[in-house]
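For reference, the structure is listed below as structure tokens.
Since this is a predicted model, take the numbers as computed values, not measurements. Both counts, for ligands and for their atoms, begin at 1 and track the order of listing.
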Amino acid sequence: MTNTESSLFGVRFVGSGSAVPDRVLTNIDLAQMVDTTDEWIASRTGIRARHIADGDEDSVANLAAQAGQKAIAAAGLTPQDIDLIILSTSTSDDLFGTAGRVQQILGAERAVAFDLVAACSGFVFGLVTASQYIRTGVYKNVLLIGADVLSRWVDWEDRRTCILFGDGAGAVVLQASSEIKPENNLLGFEMRSDGKGNNLLNINYSGRSTFEPISMNGQEVYRFAVRRVPEVIEKSLHYANLEIHDLDWLILHQANQRIIDAVVNRLDCDPAKAVSNMGKYGNTSAASIPIALDEWVQAGKIQPDHLIAIAGFGAGLSWGSAVFRWG
Ligand code: COA
């Protein structure tokens, strides 16, 4: 049985958008701040630059709203058409949630809005969550946004972590299928978590009305990703009744080029199909998959009816994959 075959309404993917702060921090800039080099960072991670939030302008709410606005326009809709906004973020402007601010900025008055926290799996988990409301006929137009400003929580003196992360937001509009276009384009998915690895990647509450900076066991997280991500991609391909070579694009969470290369290798995927833009953006957490998706859509590389697998992985530990047809 597939994850998606028994209900009435299909899920369609009708628009994307993204936004990043203007300020760029290169590896060369970082080498002035901590004991590192462009060569070390680029060869170990594939990252050469990242966009970093600069003041209130680049709040999670503002970046998310910019990405959301573009996705709504690309879908040919207005904010008033949106029924549900899911904001996947782990770096909320407000511990009570940021989705309400996004709703307000967008003027999406009819929508209900809430945050979803699943670290770098946030976009995949958000996609699966959004799809449930569509499949059951509850909502028609859903705006799903992945947005994170991890630069707020980075220890800029810790060379093991500060080189990895960047800020940004990406969004898609998901729409219930109609009689004119009855297809269900979300073809399969798999979500997983394992709390035994919870201590490997954290932004812990420090007990003083604030949080500690990001702490990470890089080697263990690397091992986890390379082992677990291929499994969920294979599972969602299985539910979709597809094989790896059927895909047009594979969009992994943009954490490390070596992780992408290893996963591609394990899956025996054509490397040319593996989307990569982390060289410019670093790891933008829940935003990385939709930013990459939007960049490939804008460039005309992703075309209607292309088959795409996405996979996110990160803190929790959490990981997941979805296979869908664009359009
Ligand atoms: N510049 C120069 N040297 C650095 C450095 C930096 N920015 N960061 C660490 N080093 C040093 C270490 O101090 C260590 O030196 P030592 O051997 O003298 O102690 C050496 O490089 C190797 O460190 P190590 O941590 O073993 O490196 P690594 O090959 O595992 O690479 C990561 C580190 C973080 C790039 C890698 O582990 C990784 O990408 N992990 C996955 C992280 C991730 O993707 N997290 C987000 C998931 S959502």
Side-chain angles (χ1 to χ4, degrees), residues 25-50 88-91 117-126 146-151 153-168 170 191-195 197-204 213-230 232-233 251-264 266 274 276-279 281-292 310-321:
L25 188 72
T26 65
N27 290 353
I28 314 276
D29 298 329
L30 269 172
Q32 318 274 315
M33 298 160 59
V34 289
D35 183 13
T36 192
T37 61
D38 175 40
E39 202 282 326
W40 194 97
I41 303 170
S43 64
R44 299 275 176 134
T45 69
I47 298 166
R48 293 197 171 270
R50 65 289 288 147
S88 294
T89 185
S90 303
T91 53
V117 184
C120 303
S121 307
F123 186 76
V124 175
F125 284 24
D148 269 306
V149 177
L150 270 172
S151 65
W153 300 107
V154 162
D155 175 354
W156 289 102
E157 294 180 355
D158 178 5
R159 67 176 183 174
R160 291 167 306 135
T161 51
C162 74
I163 57 163
L164 298 174
F165 300 103
D167 303 330
M191 296 158 67
R192 302 294 303 273
S193 59
D194 180 5
N198 184 258
N199 63 342
L200 297 179
L201 186 47
N202 307 92
I203 303 176
N204 278 317
I214 294 173
S215 68
M216 181 182 72
N217 182 329
Q219 290 189 3
E220 285 301 322
V221 171
Y222 185 96
R223 266 196 281 273
F224 142 72
V226 169
R227 203 170 73 228
R228 294 296 181 202
V229 171
V232 284
I233 295 172
I251 309 180
L252 300 189
H253 168 48
Q254 305 284 303
N256 183 319
Q257 187 62 44
R258 283 160 59 220
I259 293 177
I260 293 187
D261 294 344
V263 170
V264 161
R266 283 194 183 202
S276 173
N277 68 0
M278 80 191 66
Y281 302 110
N283 176 346
T284 57
S285 190
S288 89
I289 293 171
I291 289 175
I310 62 174
F313 55 89
L317 295 172
S318 62
W319 65 108
S321 170

Looking at I203, N202, L164, which hits side-chain contact (heavy atoms from CB on, under 4.5 Å) with M216? L164
Distance from D35 atom CG to L30 atom CG, nearest 0.5 Å? 12.0 Å
I need the R223 CZ to R228 CZ distance, nearest 0.5 Å.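 That separation rounds to 13.5 Å.
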Which pair of non-hydrogen atoms, one from R50 and one from I163, has the smallest distance, and what is that distance? NH2-O, 2.7 Å
For the pair T89 and D148, evaluate side-chain hydrogen bond (donor to acceptor under 3.5 Å, both in side chains) and give the outcome as yes or no after the intermediate values. CA-CA 6 Å; T89 185; D148 269 306; 3.1 Å; yes
Between ligand 1 and the protein, find all N/O pairs closer than 3.5 Å and give the distance for each.
{"unit_1": "ligand 1", "atom_1": "1 (N)", "unit_2": "T36", "atom_2": "OG1", "d": "2.6"}
{"unit_1": "ligand 1", "atom_1": "3 (N)", "unit_2": "W40", "atom_2": "NE1", "d": "3.4"}
{"unit_1": "ligand 1", "atom_1": "3 (N)", "unit_2": "R159", "atom_2": "NH1", "d": "3.4"}
{"unit_1": "ligand 1", "atom_1": "7 (N)", "unit_2": "T36", "atom_2": "OG1", "d": "3.1"}
{"unit_1": "ligand 1", "atom_1": "7 (N)", "unit_2": "R159", "atom_2": "O", "d": "3.0"}
{"unit_1": "ligand 1", "atom_1": "13 (O)", "unit_2": "R159", "atom_2": "NH2", "d": "2.9"}
{"unit_1": "ligand 1", "atom_1": "26 (O)", "unit_2": "Q219", "atom_2": "NE2", "d": "2.5"}
{"unit_1": "ligand 1", "atom_1": "27 (O)", "unit_2": "R44", "atom_2": "NH1", "d": "3.4"}
{"unit_1": "ligand 1", "atom_1": "29 (O)", "unit_2": "R44", "atom_2": "NH1", "d": "2.6"}
{"unit_1": "ligand 1", "atom_1": "37 (O)", "unit_2": "G218", "atom_2": "O", "d": "3.4"}
{"unit_1": "ligand 1", "atom_1": "39 (O)", "unit_2": "N256", "atom_2": "ND2", "d": "2.7"}
{"unit_1": "ligand 1", "atom_1": "40 (N)", "unit_2": "G218", "atom_2": "O", "d": "2.9"}

Above 12 or not: heavy atoms from other molecules or residues under 6.0 Å from CD of E220? yes
